[in-house]
Colleague: 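Below you will find the structure I want to go over with you.
Below, chain A is the first sequence line, B the second, and so on; all start at residue 1.
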Amino acid sequence: MDISDVLDDLNTAQREAVSAPPGNILVLAGAGSGKTRVLVHRIAWLVRVEQISPYSVMAVTFTNKAAQEMRQRTEALLGIPTAGMWVGTFHGISHRLLRQHWQEAGLLQTFQILDAQDQQRLVKRILKNLELDETRWPVKQAVWFINSRKEEGVRPQHIPDTGDLTTRQLVRIYTSYEEQCKRMGVVDFAELLLRTLELLRDNQELLAHYQQRFQHLLVDEFQDTNSIQYALLRLLAGKNNFVFAVGDDDQSIYGWRGARIENIQQFSDDLSNTQLIRLEQNYRSTGNILKVANHLINNNQGRLGKALWTASGEGTPVELYAAYNEMDEARFVADRVQQWVALGEKRSEVAVLYRSNAQSRIFEETFISMQIPYRVYGGLRFFERAEIKDALAYLRLCVNHEDDASLERIINQPARGIGERTLDIVRSLAREKDISLWRAALDCLDVKLFSNRAMHSVQGFVKLITDLSKQMHGLPLSEQVDHVVQASGLMQLHVADKSEKAQTRKENLEELVSAARAFEYEADESETLSPIDAFLSHAVLESGEAQGDAWEDCVQMMTLHSAKGLEFPLVFLCGLEEGLFPHQMSMEEPGRLEEERRLCYVGITRAQQNLILSYAENRRLHGRENYCVPSRFISELPAEHLQEIRPRAMVSRPVVVSPKARVPGGSVEGIRVGQRVSHKKFGDGVVLNYEGQGSHARVQVNFERAGSKWLVMAYANLTVL
DNA sequence: GCGACATTGTTTTTT
DNA sequence: ACAATGTCGC
């Protein structure tokens with residue numbers, strides 16, 4: 001048999017991983033070492049050489065995008081369709097299992113999925129119901145509590161009552177949340193995984209069936225798995241199946257949302273006959289870039305250890321620019337982008353990376369003014385837009401009247417005269433009788449609990465939903481969506497409004513209908529689920545790209561997190577300042593600081609040919625001018641591989657006041673930007689800027705308590721600290 | 001019930 | 001600074 005295309009073009013380590021005899025294998029794949037390639041070729045090896053049926057293979061990733069890529073590349077390599085193969089995200093695969101075994105899992109056949117937004121709204125509602133003060137019980141904290149318990153596999157009844165009042169209260173919230181979800185027939189993201197784990201754990205027959213079916217489990221980005229995902233994997237693996245996990249402990253950047261880097265370290269303890277293979281040859285970056293990356297990541301403790309190397313040359317040195325402020329930083333980047341383009345290179349080969357989204361703004365402004373096309377990644381996805389969520393809420397309510405979350409969302413959208421007052425009457429009846437809002441609304445109408453006006457409005461709403469539900473019956477999916485969008489008045493609402501935003505919303509609603517039509521087209525005949533239920537789940541589970549395929553030749557702008565997995569010939573890594581990167585919130589704990597360092601490592605290793613680092617000495621943040629200290633990560637880089645770029649002469653460098661400027665009574669000698677000074681009234685601060693000479697000299701000081709102020713040197717009477 | 005002001009918090013993001 | 005909530009008055 002010809003297996004040349006399965007093993008050709010692989011290096012020794014890659015080949016070793018791909019052709020390893022069936023067993024539990026952990027591949028430590030450094031950045032740019034051909035991780036996805038190894039996974040795809042491994043599947044091909046199993047099918048072609050080991051003669052494993054594609055139906056016995058399950059491949060799991062974290063994002064839909066990665067799953068799609070794996071599917072495509074596998075198909076291309078194997079030359080057979082992979083439709084019967086289980087390739088997907090942990091959530092997607094769990095969803096599929098729950099749909100198939102909804103009864104055993106204790107769900108409604110038509111259960112729907114709650115996204116993060118909906119979940120937060122629901123918890124908020126519950127806090128109100130329980131009459132808890134939102135300042136003492138912040139919604140976010142309650143959501144975090146619920147999600148992290150679920151990620152640990154802990155149900156409310158598992159939490160012991162230690163008498164701690166805070167815990168007791170949170171458990172109350174968690175319990176109520178679960179009841180509501182059950183009544184409404186919805187599950188959140190964490191629930192998809194936990195419910196699947198429980199389903200298989202508590203159902204020996206089912207477990208045996210799937211253990212028999214999936215002999216090979218392949219996992220991508222293994223360092224990002226959380227406890228439940230890892231448990232699910234081990235459960236499916238059982239004693240007889242094989243796990244092939246690919247990951248990189250140095251690229252674990254999602255600890256804050258439950259990813260457990262420990263899973264990598266535990267792999268060999270938890271599974272039998274494990275083999276560890278390292279992929280250290282990097283095919284992406286130049287030698288200089290790799291040296292800088294290796295040097296930085298060496299500052300982390302407890303790594304599994306890995307040193308990337310490349311067979312290609314040193315390349316150009318990594319550069320470091322010390323900007324005067326964030327405007328200067330952005331202008332510098334824009335200038336260099338134009339130089340790059342002037343050399344005949346593409347803008348789309350350039351990435352501007354930053355720690356937090358707020359930083360994109362100044363770059364956007366600068367790029368606009370210099371007419372450089374750009375594209376910002378991240379932000380609201382298609383199915384998360386308000387108008388889309390409104391339309392989906394109508395559909396969900398029509399399909400399932402018990403869906404309170406959806407009812408709350410659209411009962412007065414578009415406005416039909418049902419306000420808080422009216423809604424409160426419905427809510428209290430629902431709570432009292434423990435029924436859904438929909439039924440409560442019907443009951444309220446029956447016993448005439450509303451004022452005349454409200455009565456009329458609610459009747460109108462009830463009729464609208466009842467009619468829509470009836471009319472939808474038997475229509476093809478896209479027509480159902482179209483009809484609901486029209487008849488609900490949502491479309492009219494935006495058509496009537498001539499503003500640009502409303503026009504976009506209108507177009508988005510039209511796009512939703514197109515999406516439904518496309519979905520209809522590829523709908524699986526074997527699905528037992530109705531098209532509309534399938535479409536609604538699809539919308540939540542695959543919320544789509546944030547920005548459409550506006551693929552001109554654009555500079556790519558994104559956070560470091562969203563850059564993972566991508567590569568660019570020219571990379572700018574910006575805002576390397578203490579407090580910003582590493583972020584203030586992560587500087588205290590050593591563990592979190594190490595994650596920031598890994599994030600920096602991820603950023604550096606995105607670069608193929610050129611890497612330019614930058615920081616600003618001053619930065620306006622939350623409306624405050626701040627004097628910034630360069631990031632500790634800069635000092636952790638090898639100086640001999642860094643080339644500092646001298647700022648232009650115009651930009652303020654530390655100013656030393658000449659002896660002439662000395663003012664009686666004020667000790668001004670040595671005042672320069674960044675100098676700490678003290679003022680009688682304003683207290684301590686840092687010099688931000690300086691202008692003028694002699695008695696006209698003015699100095700800008702950022703006081704810790706009083707904020708930023710311009711002071712005349714002659715009167716300020718500053719003391720140098 | 002709706003629009004106008006005030007208050008608040010501000011890392012990262014997928015599913 | 002600024003956006004996204006929440007509160008208040010009509």
Colleague: Which residues pass the ring-ring contact (aromatic ring centres under 6.0 Å, His included) test with A:Tyr177, sequence neighbours left out?
Modeller: none

Colleague: Anything under 4.0 Å to a heavy atom of chain A counts; send over the first and last such nucleotide of DNA chain B, read 5' to 3'.
Modeller: B:dG1 to B:dT15

Colleague: Under 3.5 Å between N/O atoms: give me all the protein pairs with nucleotides 8-10 of chain C, atom names plus distance.
Modeller:
none

Colleague: Pairs in or reaching into residues 223-234 of chain A: which pass salt bridge (charged side-chain N to carboxylate O under 4.0 Å, His left out), with residues at least two apart or in two chains?
Modeller: A:Asp224-A:Lys564, A:Arg234-A:Asp270

Colleague: For A:Ser562, which contact category applies under a 4.0 Å heavy-atom criterion: base, sugar-phosphate, or nothing?
Modeller: sugar-phosphate

Colleague: Report the residues that fulfil salt bridge (Lys or Arg N to Asp or Glu O under 4.0 Å) with A:Glu577, sequence neighbours left out, ordered by chain and then residue number.
Modeller: A:Arg619

Colleague: Expressed as a whole number of Å, how far does the P atom of C:dT5 sit from that of B:dT12?
Modeller: 15 Å

Colleague: Can you pull out every side-chain hydrogen bond (donor to acceptor under 3.5 Å, both in side chains) where at least one residue sits in residues 126-137 of chain A? Sequence neighbours excluded, please.
Modeller: A:Asn129-A:Arg431, A:Asp133-A:Thr135

Colleague: Quick check on DNA chain B: between A:Arg453 and A:Ser356, whose nearest nucleotide comes earlier from the 5' end?
Modeller: A:Arg453

Colleague: In chain order, what residues pass the ring-ring contact (aromatic ring centres under 6.0 Å, His included) check against A:Phe581, with sequence neighbours excluded?
Modeller: A:Phe633

Colleague: Does A:His456 have its ring centroid less than 6.0 Å away from the ring centroid of A:Phe450?
Modeller: no

Colleague: Determine the contact category for A:Arg592: base if any of its heavy atoms lies under 4.0 Å from a base atom, sugar-phosphate if only primed atoms, P, OP1 or OP2 are that close, otherwise nothing.
Modeller: base

Colleague: Which is true for A:Phe581 with a 4.0 Å heavy-atom rule: it touches a base, it touches only sugar-phosphate, or it touches nothing?
Modeller: nothing

Colleague: Please verify the inter-ring angle class for A:Phe145 with A:Tyr174; under 30° counts as parallel, over 60° as perpendicular, anything in between as tilted.
Modeller: perpendicular

Colleague: Please give, in whole Å, the distance from C:dT7 C1' to A:Glu134 CD?
Modeller: 13 Å

Colleague: Identify whether any heavy atom of A:Asn64 sits under 4.0 Å from a base atom; if not, whether one sits that close to sugar-phosphate; answer base, sugar-phosphate or nothing.
Modeller: sugar-phosphate

Colleague: Scan A:Lys564 against the nucleic acid and name what it touches under 4.0 Å (heavy atoms): base, sugar-phosphate only, or nothing.
Modeller: nothing

Colleague: Excluding sequence neighbours, so at least two apart, what forms ring-ring contact (aromatic ring centres under 6.0 Å, His included) with A:Trp86?
Modeller: A:Phe214

Colleague: Using side chain to side chain contact (heavy atoms under 4.5 Å, CB included) as the criterion, list what pairs up with A:Gln492, not counting sequence neighbours.
Modeller: A:Ala496

Colleague: What are the residues of residues 144-151 of chain A, sorted by number, that bring a heavy atom to within less than 4.0 Å of DNA chain B?
Modeller: none

Colleague: Between A:Tyr394 and A:Arg396, is there a side-chain donor-acceptor contact under 3.5 Å, judged purely by atom types and distance?
Modeller: no

Colleague: A:Gly419 near the nucleic acid: base, sugar-phosphate alone, or nothing, with a heavy-atom cut-off under 4.0 Å?
Modeller: sugar-phosphate

Colleague: Check every strand shown and say whether A:Asn412 touches a base, only sugar-phosphate, or nothing at a heavy-atom separation below 4.0 Å.
Modeller: sugar-phosphate

Colleague: Counting the atoms with a prime plus P, OP1 and OP2 as sugar-phosphate, which does A:Ala415 contact under 4.0 Å by heavy atoms, base, sugar-phosphate, or nothing?
Modeller: sugar-phosphate

Colleague: Pick base, sugar-phosphate or nothing for A:Asn357, based on heavy-atom distances below 4.0 Å to the nucleic acid.
Modeller: sugar-phosphate

Colleague: Test of understanding: with side chain to side chain contact (heavy atoms under 4.5 Å, CB included), list the residues that count as partners of A:Glu69, not counting sequence neighbours.
Modeller: A:Thr36, A:Arg73

Colleague: Would you mind telling me which residue lines up with the more 5' stretch of DNA chain B, A:Arg416 or A:His583, judged by nearest nucleotide?
Modeller: A:Arg416

Colleague: Got a sec, which residues hit salt bridge (Lys or Arg N to Asp or Glu O under 4.0 Å) with A:Asp250, two or more places apart in sequence or on another chain?
Modeller: A:Arg303, A:Lys306

Colleague: For a quick check of understanding: with a heavy-atom distance under 4.0 Å over all strands, which category does A:Thr422 fall into, base, sugar-phosphate or nothing?
Modeller: sugar-phosphate

